[in-house]
Amino acid sequence: MRVTDIIEKKRDGGELSQAEIEFFVNGYARGDIPDYQAAAWCMTIFFRGMTPRETADLTLAMAHSGDMLDLHDIAPIVVDKHSSGGVGDKVSLVIAPLVAASGLHVGKMSGRGLSFSGGTLDKLESIAGYRVDLSETEFRQQLKEHGIVLSGQSKDLAPADGKLYALRDVTGSVPSTPLIASSIMSKKIAAGADAIVLDVKCGSGAFMKTPDEARVLAQTMVDIGKNLQRKVIALIGDMDQPLGHAIGNALEVKEAIETLHGRGPADLVEHSLVIAAHMLHLGEKVPSVEAGRALAEQLLADGSGYRKFLELVQAQGGDIGMVEHPDRLPHAPLISEVKADQAGYVHHINALEVGLTSVDLGAGRAQKGDPIDYAVGILLHVKVADRVEVGQTLFTVHANDPAKARAAEERLSRAITLGDETVKPLPLFYGIVS
Ligand code: URA
């Protein structure tokens, strides 16, 4: 088999066989296929798409590119959650400890920042010492001892996704339904999750721009999971404005810690409680989603979720002093504000622009393997439908360079549209696919 033949077949609209997909995925994971051919292949999929059969084969090939964890000797049911990516989406940092505090085992394999969307691993690495590269043995051991793991692909687990993910991030091939579905589901399957809650985002700050596109992605992933005997549901979540106030790694960790202390922004708290309720139900901890909601609220209010987060950080080698005293997290030297130059109601917040501005400040990558600055980012002070007065602060910019700060201020000043008429707040969710 020749790599160029496979690329050309897909470029010309052909359907790849299981053998061709496995050849490609395994060759790339082993390092036999170079980045430039893999980038071309991803781009052909971006333009040509894949059939459901090809997407399922791609998912399985990526999951099998490393070890497949079977965690049933540790727990009868392991739950996981994954977001399709958004701006200010730090929900995993809140719900993983919240759900694990109930006694359910949460073994989560997360990703890094992708294009304009932040990634859980980058956020966690803003806590000094936090390790995201657990080996399979460490993953199992930690799940057994602590009931919670938040780790990334190691060379053992779904390594093909790890490599393709980093490549897609910097080659413009992220927003593709088969590539996103296979990326997410391969990680979930390799990491041994039995019950998976998917948070599929749609809107300007998501890869899927409309609820209908998000539903197609959600259904694709639910079908893949069901064929592999996993319990999967997908919530279609809004991403037409950033979630919470903080965008940027350490800023988001700080907001997640505040949320676990019961002081989080209303939209983030509500979003987290809904996802946690579904995880608790799907993981059979409670008989209904309503009971899951009540339990999640209790675990948040009594501090169990926060204590589990501390335990997680300690187990993965992080400095818990930074969690106990979030002011010790990395912080930027330059802080400036963007203020409203007119009064009105917030009609629209361009979440994509906010995410891209955060990346340009240094919170994300322009090239594969680029270092990121954990301290930089943005605080958003208003939400769609809020009333704004002249001079009110809309954004706070956290930067490490005066020119970047000015560019960010300029860009953010155009990212909010104000109008005279009142508008309705945005919904948090548009529906469920199960
Ligand atoms: N999250 C993932 O893990 N992969 C994607 O491709 C997008 C979001």
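Remember, predicted model here, so these are calculated numbers, not experimental data. Whatever order the structure lists them in is the order used to number ligands and atoms, beginning at 1.
Every atom of ligand 1 with a heavy atom of Ser183 under 4.0 Å away is listed here by number and element: 2 (C), 3 (O), 4 (N), 5 (C), 6 (O). Less than 4.0 angstrom separates some heavy atom of Ile184 from each of these atoms of ligand 1: 1 (N), 2 (C), 3 (O), 4 (N). Residue-ligand proximity, Ser84 to ligand 1, at heavy-atom distances under 4.0 Å covers atoms 7 (C), 8 (C).
Within 6.0 Å of atom NE2 in His331, 12 or fewer heavy atoms from other residues, nucleotides or ligands are found, so the atom counts as exposed in its surroundings.
Checked against a 3.5 angstrom limit, the closest N/O atoms of Asp161 and ligand 1 fall outside it. Annotation: Arg168 places an N or O atom under 3.5 Å from an N or O atom of ligand 1; distance criterion only. Any N or O atom pair closer than 3.5 Å counts here, and Lys187 shares at least one such pair with ligand 1.
You'll find the side chain of Met50 reaches within 4.5 Å of the side chain of Ile21, heavy atoms only. Here the side chains of Cys42 and Leu164 are in contact, with some heavy-atom distance below 4.5 Å. In this structure the side chain of Val274 never reaches within 4.5 angstrom of the side chain of Leu428, judged on heavy atoms.
Residues Val87 and Met239 come closest through the heavy atom pair N-SD, 3.3 Å.
Aromatic pair Phe207/Phe116: centroids less than 6.0 angstrom apart.
In terms of protein heavy atoms, atom 7 (C) of ligand 1 is closest to Leu114 CD2, 3.4 Å. At the shortest separation from atom 1 (N) of ligand 1 among protein heavy atoms lies His82 NE2, 3.4 Å.
Residue Ser117 does not touch ligand 1, judged by heavy-atom distances below 4.0 Å.
The shortest heavy-atom distance from Gly111 to ligand 1 is not under 4.0 Å.
Once rounded to the nearest 0.5 Å, the distance linking CD of Glu8 with OG1 of Thr44 reads 10.5 Å.
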